[in-house]
Amino acid sequence: MRIFKRIKWAYVLVSLFFIVIGVLLIMNPDTSMVVLCRVLGIGAVVFGLLRVLGYFLRELQGVGLQYDFASGVFAVIAGAMVIWRAPEVANIMAVVIGLFILVDCVFKLQVAIDSKRMGASSWWITLLFTCICMVLGCLLIFDTFKGQKIISIMMGVSLVADGLQNLCTVIYAAIFVKEVKTAVQNKVDEMTAIETTGRVRTR
């Protein structure tokens, strides 16, 4: 459960970061792509360092269940490269964001499918947000927009949508885990009550 809480808060922070950057892009479409690259690069570096730090601070139990160190190092390296080569990356920023959103959507698609297979009632919410984000990601990759302002606004919309998608997934997962935990506890209490009743009757 502690592992789930760490993952949950990491997703919340990243999602809020995406939403803030997205809103700023929508409100200020003239924002320099180089500046945007560096901001996202700094965000990736900070996030990576936090993941690495979390890896060394957590207890030994469950080491194989997470990849904090590997993903953290990868985020730091990717963020540093984006900061260092910001002018070059700025030219393909829309494609980079589109690819990132598509990759993220692949994982969310599996979450939606797994939720349905587990009998969760609101799996379709994750699926709906995932489909919307996939469409936005494809539009950015195939460069279907004309004009830098429109591209900036669409990048902002895509980041906001992806951030909201992540938040919805985290909230939904938290509710689902709580329901499962409650159901298991109720079953344990029921079995305990039956066992206690049986002992009383035996006596």
For this session: Check L49 against V76 and note the closest heavy-atom contact, atom names and distance.
Result: N-CG2, 3.7 Å
Exercise. Considering all heavy atoms of both residues, which atom of L140 and which atom of S158 are nearest to each other, and what is their separation?
Worked result: CD1-OG, 3.3 Å
Exercise. Are M154 and L24 connected in the hydrophobic side-chain network, where two residues link if heavy atoms are under 4.5 Å apart?
Worked result: no
For this session: May I ask you to test the V106-L102 pair for a side-chain heavy-atom distance under 4.5 Å?
Result: no
Problem set entry | Among V20, L159, L167, side chain to side chain contact (heavy atoms under 4.5 Å, CB included) partner for S15 | L167
Seminar exercise, completed: Closest non-hydrogen contact found for I21 with V39 is CD1-CG1, 3.5 Å
Seminar exercise, completed: Taking every heavy atom of T130 against every heavy atom of C105, the minimum-distance pair comes out as CG2-O, 3.4 Å
Exercise. Do V96 and M155 have side-chain heavy atoms sitting under 4.5 Å apart?
Worked result: no
Exercise. If you measure from CZ on F18 to CG on L40, what distance do you get to the nearest 0.5 Å?
Worked result: 7.5 Å
For this session: Evaluate the side-chain proximity of L127 to C131: yes if any heavy-atom separation is below 4.5 Å, no if none is.
Result: yes
Exercise. Roughly how far, to the nearest 0.5 Å, is CD1 of I141 from CG of L99?
Worked result: 4.0 Å
Problem set entry | Interatomic spacing from NZ in K108 to CE in M134 - rounded to 0.5 Å | 12.5 Å
For this session: Examine I77 and V52 and state if one hydrophobic cluster contains both, with Ile, Leu, Val, Met, Phe, Trp and Tyr joined whenever side-chain heavy atoms are less than 4.5 Å apart.
Result: yes
Problem set entry | Verify same cluster id: I113, I132 (apolar side-chain graph, 4.5 Å) | yes
Exercise. What's the spacing between K149 NZ and N28 CG if we round to 0.5 Å?
Worked result: 10.5 Å
For this session: Would you give the length of the straight line joining atom CG of L109 to atom CG of D104, rounded to the nearest 0.5 angstrom?
Result: 11.5 Å
Problem set entry | hydrophobic_cluster_shared for L128 and V157, side chain cutoff 4.5 Å | yes
Problem set entry | Atom pair CG (N166) and CG (L16), whose distance is rounded to the nearest 0.5 Å | 10.0 Å
Exercise. Considering the options E88, M93, R85, which one meets the side chain to side chain contact (heavy atoms under 4.5 Å, CB included) requirement together with C37?
Worked result: M93
Problem set entry | Side-chain touch S152/M33, heavy atoms, less than 4.5 angstrom | yes
Exercise. Are L136 and L164 in one and the same hydrophobic cluster, where Ile, Leu, Val, Met, Phe, Trp and Tyr link if side-chain heavy atoms are under 4.5 Å apart?
Worked result: yes
